[in-house]
Structure formats: structure tokens, C-alpha cells
Amino acid sequence: MEADKNKQPERKSLDDRAKMTELERVRHSCAHVLATAILRIWPDAQFAAGPPVENGFYYDVELSHRISPEDFPKIEEEMKKEIKANHPFEKIMVNREQAWEDATKGRLAALAERKVPSKFKLDIVQNIPKDEPISYYKNGDFIDLCAGPHVMRTGNIGAFKLTHVASAYYKGDERNPQLQRIYGTAFKNKTQLDEYFKMLEETKRRDHRRIGVELGLFVLDPEYVGPGLPLWLPKGAAIAEELEKLAKETEFAAGYVRVKTPHIAKEKMYQTSGHLPYYQESMFPPMELSLDPASKAEAERNLNKAEQEFDEVMGRMKRAVSGETLTKITQVLHLNVRQGSKPHVLKTVQETKLDVPPELYAEALAKQRTFDEAKRGLEVEKYYLKAMNCPHHHRIFAAQPRSYRDLPLRLAEYGCCYRYEQSGELIGLLRVRSLNMNDAHIYCTPDQFAAEFNAVNEMYLKYFKIFGIEKYVMRFSTHDPAKLGQKFVNEPELWKQTEDMVRQVLVDSKINYLEVPNEAAFYGPKIDVQVWSVIGREFTLATNQVDFSQPRNCGLTYRDRDNTDKTPLCIHRAPLGTHERFIGFLIEHYAGNFPLWLAPEQVRVLTIGDEEPLVDYAKAIVQELRAHMVRAEGDFGTDKINGKIQRAEEAKVHTMLVIGPRDMQAANVSVRVHGKGNLGAKAKAEVIADILHAIKERRA
RNA sequence: GCCAGUUUAGCUCAGGGGUAGAGCAACGGUUUUGUAAACCGUCGGUCGUCGGUUCGAAUCCGACAACUGGCUCCA
């Protein structure tokens, strides 16, 4: 049995497998017990791989019966029997021939020999390296091809539960058969299992989708707007505005210039950049601009006229020739009529050196050109919604002659892109179809590259500090020299050069990074930044890519010192990723308890009662705060103060200023901070000054 | 797109072949209040959409859509 993670095509070595933790052994063993139980119910089940995973285990099975959660109790019942029987997990060493024979007899991942071979196991046996020993594990009648390790006995599986079914392709390849993946989890004892499910409940409560709705940050309106197209409500938009402000300030200080570009572009744009057909699947289908009726009618008239004139000339040509030449021309003309085109006739005339009168040939050629032109007049223009900003930025680069003195040129834009993610892929704000990217493209010379790349990394670290992100990994994706010219542009020197430069920067800045071969973009190495929200969900937030291909495809050049034109390097970078994903992350990161500078509602002023002087005093405070761009609201109604506080706390308002007669008389406000409770009465002026200060320095 | 599950009021959820329920929110009124909910009342749903079975469907069946968890790709 294989513990392959489909992302990692390299086999796990036996040493690696031996490192399996105690809990992983429990889960891996439970997968075997699951297979045992399924076989008791459905003896013809074919098993593929059943490894332990992060929160449990799964086993991939091929079975004509569709397993649904309704089957779980029945399967779990059988599993319990197997655990109760307390069979030992026996390790059996076999040679290759034996394994092959048993798999052929259907004995592997089975309770007995079967008429049909254990087909996936056959495939797995074949893929075990020659020098690696082969072993089985046996519990009761169940024998599985498996490198182990396992717990001693089935009874050592303390507590387990099947959780869900999913479909998965064998080895993660969609050309392979589709299998049913049964997921479950197991623990050493019932207490830990219960804790795990309690934790899952907690996770659900902190999910950005739930908090997003509760706090009124965004909504999805699949019926009217469309799936994956979030609407930012005022409170969510406030967060987006703060992030943009942060980005603008940071980028301005780092020498970026801001640009603005349209959301659509012509087909030619993406043909040139190389995204079509490479990226077409991920783009919305194009808009085709049909001609207005009058122009269309005129274009059609032109085409008809051109066609008649062409046919007339060809008619004369046919009359002027004879024999084989006539036959040939007639044949090709006939073919062309069926294809709705004309040019082939003249090509044939030229290529086969047919003997036609030169002046007629020249006339026909001219008419053919008119025909082609008329035909182009009927072509519709295609526009695509942009899936990325780079081509637009490239056009800005190309808009004026560039000198080496202009570089580095750093074009920044919070551009809204649209990606046609598959319907099953959409997840709340994590994967959407409209995305506002914290995008920028840095055009530079090779000499400037290291400094620019380093500056980008420093920007990431600066942001991590502001948001208190401590756990992160930079995944440095490099190319595979064996796939140059296929998966990666064929520029061995540039690959080596840029990858070395990037690696050096990473090492020098002591950044926590992980090198992943063979995962680069087709146009250059890249870095993805992975972070984890407090509930353990992984987010790929930011990306940082080196591009030495697009600038050349798009014909971008700068005039260098030596008066020659050179192609710049381009760095694509998006430290804050997209609003959608970043805010989704922040919601879970802060569990909705945003720091003051980010909080949608920063301050709420609550009055004790609704007596007029008190309300006037409170209103003046709200006004003063709002005059300083603080998002402050008031709650001046007749509710009891406890009720007002409860509502403010539930709305996760950062700072509550409670005002009663006592406070007013002393020119005070009573401060209450969300999650910190009552901080007592303080001088109004002091409190306001502190609020402004905390916002300005983006205090955590 | 594929597999499975889900879809009942603005939100969180109960119910279930005889025609729809709670809490919160909203609205109206009473209450004049000191740090996590004062009280009364009102409004609100073709039970995701379309079709079928049935005397009768929100309930059973089917198709579709959306959402959720996975597979694949990726910010």
C-alpha cells in the first residue's frame, strides 16, 4: 500500500516511512481495518492507496456500489468487529515474483484469492524500485501489500469514525480511473476523538464565511451576480480600503508608481503575452462584438461585390485557358466555393506554374485582395476579461521609449481580475472568480534584479510583522532542466542565472524557504507564500514571480548605455495577494476581532439613556472622531446599557465609549475594548488622541 | 468538470404526505437605564428551481442550480 501524496511524485523511502508517528500508525492501521470491513460487505472491492493524512486517513476503493454516509454505520460495525478480534498486524516479507503472483490472483488487499487480479496493487508492485524489499501486512484474513509500519494489533486502534466520501482519480491523474475515497479519522482513545470533533465545531464557528456573514463584511449572490463574485458590504469594503491604503503607502515609499488599466482587452493582447491558449481555460469566454446592423449590411454588400468581381475575372481566365489548366482551375474554384474562400486558386496558379495570361492573373490577384479585405470587415472583434494585469502593464511599458535610466520601473495597481474557476472549486473568499490583486510589475535590468527582488521580500516581511503572521513558508519553485522547451521556456542560462539570484537573496535574508523543483511558472522561477490561519487552514497568499519570457514576447525593450535595445526582466509580485483571499485569511487570523486600524467599526459611542444633553455630548464625540476619518458610530437609543454593550460586543466593535451623566460632567468617557472589558473612565481628549495614534501606527 | 452531502423567514436552526415553527434581526409601543440582552406587540416564507407520483407534496421520486467537503488547477 502506498502513502503517496499526489503532489509529491517522488516515492517515500522506507526510512521516511519508518518515521511515522504513533498516531499515524494508528490511522494507517485503521485504513487497513476499513478495507477489511469493506471487503466483508463487498468482496469484489479493488483498493488503491490508503495512507494516513493530516487529520485521519483514507482508502481509495473501486466499487460498483456507491458508498454514501448511510453505509457508514454498517462499515463501522464491521470495523469494530475487526478491532475487537484484536488480530496482530503480521509483517510478511516476500520476493517480487510472489507479490506479482498474489496480486494476479486477487489476493492483495483482499480476504481471499479472487477471480479478478488486484489491479491497482499489480501496478504498485511494478513501481517498487528493484532494490527495495517488498512486504505484506496481514490482519486476520486481510492481506495487503504494504511497507508499514503499523500498530501491534487491531485492538490498539482506540477510537475511530468514518467522516466522508470523495471522488479521487487513481494517483491523482484524471486520465486514470475514478475511485471512491473513504475518509475517516482515528485516535488512541475516545476522549481525543471527541476533542477532535469539538475542535471541528470550533473551526466551523471561526470560518471566514460564517464570520463574514455575521459581521456583514461580504455577501455572495449566486443568483443575480454569479457564483464566486463576492459583493463587499460597507464593513468589508472598509477593510479593503485600509489594505489598499497600506499598500499605497508602502509602495509609494518603495518607489512604485500607480497606474490604472481597463478590465478587458482584445484577443491579440493575450495571444501576444502567451496566455492564450495556455491560460484560456481559466479565463471567462470572450465577448464577441457583433457589428451594428447598418455596418454589417454594408460589409456584406462589399463582400458580395468583391466576390462577383473576383468570379467575373476568374470566368474570363477560365475562358482564356484550356486543357489541364482549365480542369485544375475549375477544380480548385469548386473546392474554394465550398470553403467560402477564394485565395487558393491563385496560390495553385502560382505554385503549379499554370499557364495563365499574366494580366488576368494580376487582375485576379487584386480582386482577391479586395475580397480578403471585405471579408475582414465582417470579422467580429473578441475581448477578454483580464485574468491578470501583466499584459496591460506591459502595454504601459511599451507606451513610450524606455531608457536604462527609467529602470527599475515599478508599476503598481490594485487591479480587478476575473478567472473562470471551475464551479466545484469555489470556496467562500478563498477561491473566487473576481479578484482584486495587490499587483505590481517591476521592470529592471539583470544588474538591478537582486536588489529589487530583495526589496520585495522585505516588503513581505514588513507586512507579516504588521499582521502578526509568524508561521509562514516561502515556496521557491524552480524549473526542471529536463523539461526545457516543454514545460519551461528554453533559456537554460536565464533559468540558472535567475534561480541563483533568487536563491542567493533568500539565503542572504535568512528567510524560511522551501525549494520545490519542477513547479516554476513557464516563464520563470516563482515564490509562493504560504501561511496558516489560526484554525489551521492553509492560505497561499502572495506570489512573487520572475519573468524573462513575457517581456520578450511582448517586444518590450529599453535602450541601454551602449545604445542597443535590450529586453528587461520583469518581477510579478503581489505581497497582499488579493483582497478576497487576504481578507478571508485575516477574518480567520483575527477570528473577526480586528485590530483598531482594520476594524470595520472602530468606535461606537453608547449613551446610558437618551437624555438630550448626554446625546449631544456623545454626538459631538462621534463627529470629532469622524472628522479624523475614524469609523465611529453612535447608539443613543433607550435600550439598557447592557443591551447596547451586548450588541456592540457581538458586532465585534473594537472600542466602545460608554457615556453616562458622570462622564459628561467630568469631560470623560468610559472606555471598553472588545475582548478586554471595561477599562474605566478617562479624559475624553486623551482617549481620542490615543485612538488616533493607534490607528496611525496600525497598532496590533 | 467529477464524487458525496446539503438547500425551510434577513441570520441561526427545528419540523415533516393534510397546507409552516422558535430565537435573533427589522418595525411599533411601554421602560430613563453605569459595562454581555427590560417588557409587550407587529411584520416576515409558493420550504432552492422545474417536472413527476398522489384526492392532496414543503415532505416521496427525477432533472437542474447553488452551497459544503474532497479530487484537479491555482492568487
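Convention: sequence-line order gives letters A, B, ...; per-chain numbering from 1. Small disclaimer: the values here were computed from a predicted structure and weren't measured. Computed over heavy atoms, backbone and side chain alike; hydrogens, waters and symmetry mates excluded.
Each of B/U32, B/A38, B/A75 was ranked by its minimum atom distance to the side chain of A/Glu611; first place goes to B/U32. Checking B/C74, B/G69, B/G1 against every side-chain atom of A/Gln422, the shortest atom distance belongs to B/G1. Here the nucleotide nearest the side chain of A/Thr543, chosen from B/G70, B/U72, B/A75, is B/A75. Proximity note for A/Ile608 (side chain, C-beta onward) versus B/C71, B/U72, B/G34: the nearest is B/G34. The side chain of A/Leu435 lies closest to B/A75 when the candidates are B/U35, B/A75, B/G70. The side chain of A/Tyr169 sits closest to B/G1 out of B/G69, B/A75, B/G1.
Residue-to-nucleotide contacts include a donor-acceptor pair under 3.5 Å from the side chain of A/Asp663 to the base of B/G34. The base of B/C74 sits with one of its N or O atoms less than 3.5 Å from a complementary donor or acceptor on the side chain of A/Arg431. Judged by distance alone with a 3.5 Å cut-off, a donor-acceptor contact links the side chain of A/Glu421 to the base of B/A75. A donor-acceptor contact under 3.5 angstrom links the side-chain atoms of A/Glu425 to the base of B/U72. Residue side chain A/Ser670 reaches the base of B/G34 through a donor-acceptor N/O pair under 3.5 Å, judged by distance alone.
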Show me the protein contacts with nucleotides 29-31 of chain B, counting only N or O atoms at under 3.5 Å.
unit_1, atom_1, unit_2, atom_2, d
B/U31, N3, A/Thr638, OG1, 3.4
B/U31, O4, A/Thr638, OG1, 2.6

What are the atom names and distances for every N/O pair under 3.5 Å that joins the protein to nucleotides 61-67 of chain B?
none

Please tabulate the protein-to-nucleotide N/O contacts below 3.5 Å involving nucleotides 45-50 of chain B, giving atom names and distances.
none

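Using a 4.0 Å cutoff on non-hydrogen atoms, the parts of residues 571-581 of chain A near RNA chain B are A/Thr578, A/Arg581, ordered by number.
Summarising the geometry, the separation between CG on A/Leu229 and P on B/A75 is reported as 19 Å, rounded to the nearest angstrom. The CZ-P distance, from A/Arg210 to B/U68, rounds to 14 Å in whole Å. Rounded to a whole Å, the CZ atom of A/Arg647 is 15 Å from the C1' atom of B/G23. Distance, A/Glu54 CD to B/G69 C1': 15 Å, rounded to whole Å.
Using a 4.0 Å heavy-atom cutoff across all strands shown, A/Lys676 reaches no nucleic acid atom at all. Among the protein residues, A/Ala648 comes within range of no part of the nucleic acid, since none of its heavy atoms lies under 4.0 Å from any strand. Here A/Ile641 lies in heavy-atom contact (under 4.0 Å) with sugar-phosphate atoms only. Nucleic acid contact for A/Gln545: sugar-phosphate only, since backbone atoms but no base atoms lie under 4.0 Å from a heavy atom of the residue. A/Glu649 comes within contact range of at least one nucleobase, with a heavy-atom separation under 4.0 Å. Contacts of A/Gly609 with the nucleic acid, taken as non-hydrogen atoms under 4.0 Å apart, include base atoms. Residue A/Phe539 is classed as having no contact, given no heavy-atom separation below 4.0 Å to the nucleic acid.
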In a table with atom names and distances, give each donor-acceptor pair under 3.5 Å that connects a side chain of residues 662-673 of chain A to protein atoms at least two apart or in another chain.
unit_1, atom_1, unit_2, atom_2, d
A/Asp663, OD1, A/Ser670, OG, 3.0
A/Asp663, OD2, A/Gly660, N, 3.0
A/Asn668, OD1, A/Ala683, N, 3.3
A/Arg672, NE, A/Glu649, OE2, 2.6
A/Arg672, NH2, A/Glu649, OE2, 3.0

N/O donor to acceptor pairs below 3.5 angstrom from side-chain atoms of residues 215-231 of chain A, sequence neighbours left out:
unit_1, atom_1, unit_2, atom_2, d
A/Asp221, OD1, A/Tyr224, N, 3.3

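Remark: A/Tyr384 engages no residue in a ring pair (Phe, Tyr, Trp, His ring centres under 6.0 Å) (not counting sequence neighbours). Listed by chain and number, the residues in a side-chain hydrogen bond (donor to acceptor under 3.5 Å, both in side chains) with A/Arg431 are A/Glu425 (sequence neighbours excluded). Residues that satisfy the side-chain contact (heavy atoms from CB on, under 4.5 Å) test with A/Asp123, not counting sequence neighbours, are A/Gln126, A/Asn127, A/Tyr170, A/Lys171. When the ring pair (Phe, Tyr, Trp, His ring centres under 6.0 Å) test is applied to A/Tyr414, the partners found at least two apart in sequence or on another chain are A/His579. In this structure A/Lys161 satisfies the side-chain hydrogen bond (donor to acceptor under 3.5 Å, both in side chains) test with no other residue, sequence neighbours excluded.
Atom name P, nucleotides B/G17 and B/G23: the rounded distance is 24 Å, in whole Å.
Position along RNA chain B of the nearest nucleotide to A/Glu650 versus A/Ala166 favours A/Glu650 as the more 5'-ward residue. Nearest-nucleotide positions on RNA chain B for A/Val658 and A/Tyr420 put A/Tyr420 closer to the 5' end.
A cation-pi arrangement, defined by a distance under 6.0 Å to the six-membered ring centre and an angle within 45 degrees of its axis, is present between A/Arg181 and A/Tyr58. Because its NZ or CZ atom is both nearer than 6.0 Å to the ring centre of A/Tyr420 and within 45° of the ring axis, A/Arg433 counts as a cation-pi partner of that residue.
Aromatic rings of A/Tyr472 and A/Tyr463 (six-membered ring for Trp) have centroids beyond the 6.0 Å cut-off, not under it.
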Test side-chain contact (heavy atoms from CB on, under 4.5 Å) applied to A/Leu179 and A/Phe120, step by step: CA-CA 11 Å; A/Leu179 308 172; A/Phe120 301 113; 3.6 Å; yes
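No donor-acceptor pair under 3.5 Å is formed between the side chain of A/Lys483 and the backbone N or O of A/Phe488. The closest donor-acceptor contact from the side chain of A/Lys235 to the backbone of A/Glu601 lies at 3.5 Å or more, if one exists at all.
Secondary-structure stems of RNA chain B, taken as three or more successive Watson-Crick or G-U wobble pairs (i with j, i+1 with j-1) under a 3.5 Å distance threshold, comprise B:1-7 with B:65-71, B:10-13 with B:21-24, B:26-30 with B:38-42, B:48-52 with B:60-64.
A/Ile659 has its side chain out of reach of A/Phe636: every pair of non-hydrogen atoms, C-beta onward, lies at least 4.5 Å apart.
Using a 3.5 Å distance cut-off with no hydrogens or angles, the side chains of A/Asp439 and A/His393 do not pair a donor with an acceptor.
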